[in-house]
Visitor: 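Pasting in a structure now, in structure tokens, and then I'll have a few things to ask.
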Amino acid sequence: MIVVKSSRGGTLKVEGFRVRVVERISLPSVWARLKAIKGAGWNTFLLRSDDVFLDMLTDSGVNAMTDRQLASMITAQDAYAGGRSYYELVEAVRDVFGMDYVLPVHQGRAAEHLLAKVLIKPGMAVITNYHFTTSKAHVELAGGEMIEIPVPEALNTISDYPFKGNIDVGKLEELLSKMKGRVAYVRVEAVANLLGGQPVSMKNIRLVKELCDKYAVPLVLDASMVDWNAYFIKEREPGYASKSLAEIVREMAGYADILYMSARKAPAVRGGLIATNNREFYEKLVVLLPVYEGFPSYGGMSVKELAAMAIGLREMVDESLVGSELELIRYVVEELDRNKIPVVKPPGGLGVHLDALRFLEHLPRSSYPAASLAGALYLVSGVRAMERGTMSMDRAKDGREVYADLELIRIAFPRRTYTKSHAEYLVDRILWLYENRDVIKGLKWVYEPPVLRFFLGRLEDVDRWGDELAQIHVKQLGEY
Ligand code: F0G
């Protein structure tokens, strides 16, 4: 954003870009939405994109690219080995992160897979601020265990603590001293996805690095959303207001022994990478690339994406291009909070997160309040959000339900994609849904897959509350 002084006091943040290509979207009627959500088994993952008005499922792979990125996809050099686009990527990683060794991979979870293979031996642990679904899966597949030690404020959705993504450094020291030789690495996710897109402070990363050095454990930084984390450090952390995003990202990366990212996020392409200055780690990792991903100069990515990624990495620290979606998220969170809607505070990255436990207080957790809320939001607005609660957890081995720490829905704002009027529409429909929340009676399984059930599971609405909600919608708001 371009920040200027407002003539009426305070500051004004203005997008440092304009839109030259648009995609037409349409708003299906509430009857069409009812049919679609029933057809999708009340699972927003199973909706067809053409039945969705605002697709806020994720920011992954759906960010608006820049003209320079698109142009680079045409001039990208097709080569199996040693292509020019690869060397452009290496240079970008050196400039942006200050790291010399670069391994492209096809997406973030591929990086997690290779890191787990190289760094984790069965019985070892990875200590993290908070897990992400794929990061945890790869640690466990390698025979390891993931230990989460977020600061206590992280799980309190109404706390305004500015860095809820921080690691509890007291607990970290305790664990590192107790588990000598058994910690594969410490993982910092910036911003912390499943905590509601909450950032990590620079001070916290620095302290974590000091402890890692003291106990000779590598620090791995998941930098998938580092653009947003840097924006919040600049805004919220004392001493960083006058630093550039580029300086902030460089400093963050400087504390990491290994950095990896899903390039489907901050650099706005479809790919991933691992970077390090440690030659030993690089050599262990690079031999696995041709086995699992592709030759090291493309790592399973299309060269078009590789070229666009080199540009996207530089653009993710360009002040003009970063932050418009964060300002929209802030607007929605503040509007909802003013109207007493249970929303995760403070406004974070990634999206607006509603607290389904408080939104649907009348529902027992066994009827999946977060999944019910995601389904209901789609029905009343055509907005596709993602369940991030108990349905996103799988059952324990004995079949018991494992209740998630937080029962959220995530309404993602992909980079540079939606506008202020979309945000206003979203607020309007959430307020209406809150007034009519008593109609929502929960969901029950029709088909429950044994693993990662949230992707393909199908449910139905208890007592057909969807029909009732649609009827009230038509009466009060019309068909749209
Ligand atoms: N790390 C973080 C912090 C992520 O948010 C993701 C993906 C990954 C790793 C895995 O990367 O998808 O490229 O394999 N997050 C997506 C989301 C799926 O919707 O938040 P990937």
Side-chain angles (χ1 to χ4, degrees), residues 43-45 49 55-63 103-116 126 128-141 146 148 150 154 164-165 167 185 187-200 220-230 232 252 256 258-275 292-293 299-302 305-306 308-309 312-313 316 325 329 344 348-353 374 384-389 391-392 406 408-415 417 452 454-455:
N43 180 347
T44 55
F45 274 100
S49 301
D55 199 347
M56 297 180 146
L57 187 71
T58 178
D59 64 321
S60 175
V62 291
N63 302 286
L103 302 117
V105 291
H106 80 274
Q107 63 184 82
R109 66 200 71 183
E112 289 166 341
H113 170 223
L114 299 184
L115 289 174
V126 169
T128 185
N129 47 349
Y130 210 66
H131 78 282
F132 183 69
T133 49
T134 54
S135 55
K136 185 172 176 186
H138 282 293
V139 168
E140 289 175 355
L141 280 171
M146 202 162 216
E148 299 164 290
K164 286 180 169 180
I167 281 197
Y185 54 90
R187 172 179 176 275
V188 173
E189 186 178 299
V191 301
N193 190 325
L194 299 186
L195 291 175
Q198 298 292 323
V200 188
V220 174
L221 179 68
D222 180 337
S224 306
M225 295 174 278
V226 72
D227 54 339
W228 288 336
N229 204 101
F232 289 124
M252 288 174 76
I258 298 177
L259 172 153
Y260 78 90
M261 66 196 307
S262 165
R264 301 172 61 84
K265 293 182 166 251
V269 293
R270 286 131 298 242
L273 66 78
I274 304 174
Y292 292 104
E293 297 295 307
M301 293 173 67
S302 136
E305 302 286 341
L306 206 68
M309 182 159 137
L313 285 174
M316 77 179 189
E325 59 288 332
I329 293 168
V344 174
L350 196 47
V352 173
H353 294 76
R384 166 152 72 170
M386 188 187 286
E387 194 268 3
R388 294 278 77 159
M391 214 179 113
S392 293
L406 295 172
L408 305 180
I409 70 164
R410 176 182 92 181
I411 308 167
F413 277 73
R415 291 163 186 77
T417 304
L452 295 179
F454 64 95
F455 278 130

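Order of appearance sets the numbers: ligands from 1, and atoms from 1 within every ligand.
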Visitor: Taking the inter-plane angle between the rings of His113 and His138 on a 0 to 90° scale, is it parallel (under 30°), tilted (30 to 60°) or perpendicular (over 60°)?
Guide: tilted
Visitor: Does only the side chain of Arg410 get under 4.0 Å from ligand 1, or the backbone, or both, or neither? Count heavy atoms.
Guide: side chain
Visitor: Starting from atom 12 (O) of ligand 1, find the nearest protein heavy-atom neighbour and note its residue, name and distance.
Guide: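 Of every protein heavy atom, Arg109 NH2, 2.8 Å lies nearest to atom 12 (O) of ligand 1.
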Visitor: So for Ser224, does at least one of its heavy atoms come nearer than 4.0 angstrom to any atom of ligand 1?
Guide: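 Distance cut 4.0 Å: Ser224 passes for ligand 1.
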Visitor: Can you name the residues that form a salt bridge (Lys or Arg N to Asp or Glu O under 4.0 Å) with Arg388, not counting sequence neighbours?
Guide: none
Visitor: Looking only at N/O atoms, are Gly108 and ligand 1 under 3.5 Å apart anywhere?
Guide: yes
Visitor: What is the nearest protein non-hydrogen atom to atom 9 (C) of ligand 1, stated with its residue, atom name and distance?
Guide: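 Closest protein heavy atom to atom 9 (C) of ligand 1: Glu112 OE2, 3.3 Å.
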Visitor: Closest non-hydrogen protein atom to atom 5 (O) of ligand 1, residue and atom name please, with distance?
Guide: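 Here the closest protein heavy atom is Asn193 ND2, 2.8 Å.
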Visitor: Which protein heavy atom lies closest to atom 10 (C) of ligand 1, and at what distance to 0.1 Å?
Guide: Thr134 OG1, 3.5 Å
Visitor: N/O to N/O below 3.5 Å, does that happen between Tyr260 and ligand 1?
Guide: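 It does not: no N or O of Tyr260 is found under 3.5 Å from an N or O of ligand 1.
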Visitor: Provide, to 0.1 Å, the distance between atom 16 (C) of ligand 1 and the closest protein heavy atom, together with that atom's residue and name.
Guide: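 Nearest protein contact, heavy atoms only, for atom 16 (C) of ligand 1 is Lys265 CE, 3.5 Å.
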Visitor: Who are the salt bridge (Lys or Arg N to Asp or Glu O under 4.0 Å) partners of Glu189, not counting sequence neighbours?
Guide: Arg187
Visitor: Among all protein heavy atoms in this structure, tell me which lies nearest to atom 13 (O) of ligand 1, with the distance rounded to 0.1 Å.
Guide: Ser262 OG, 2.7 Å
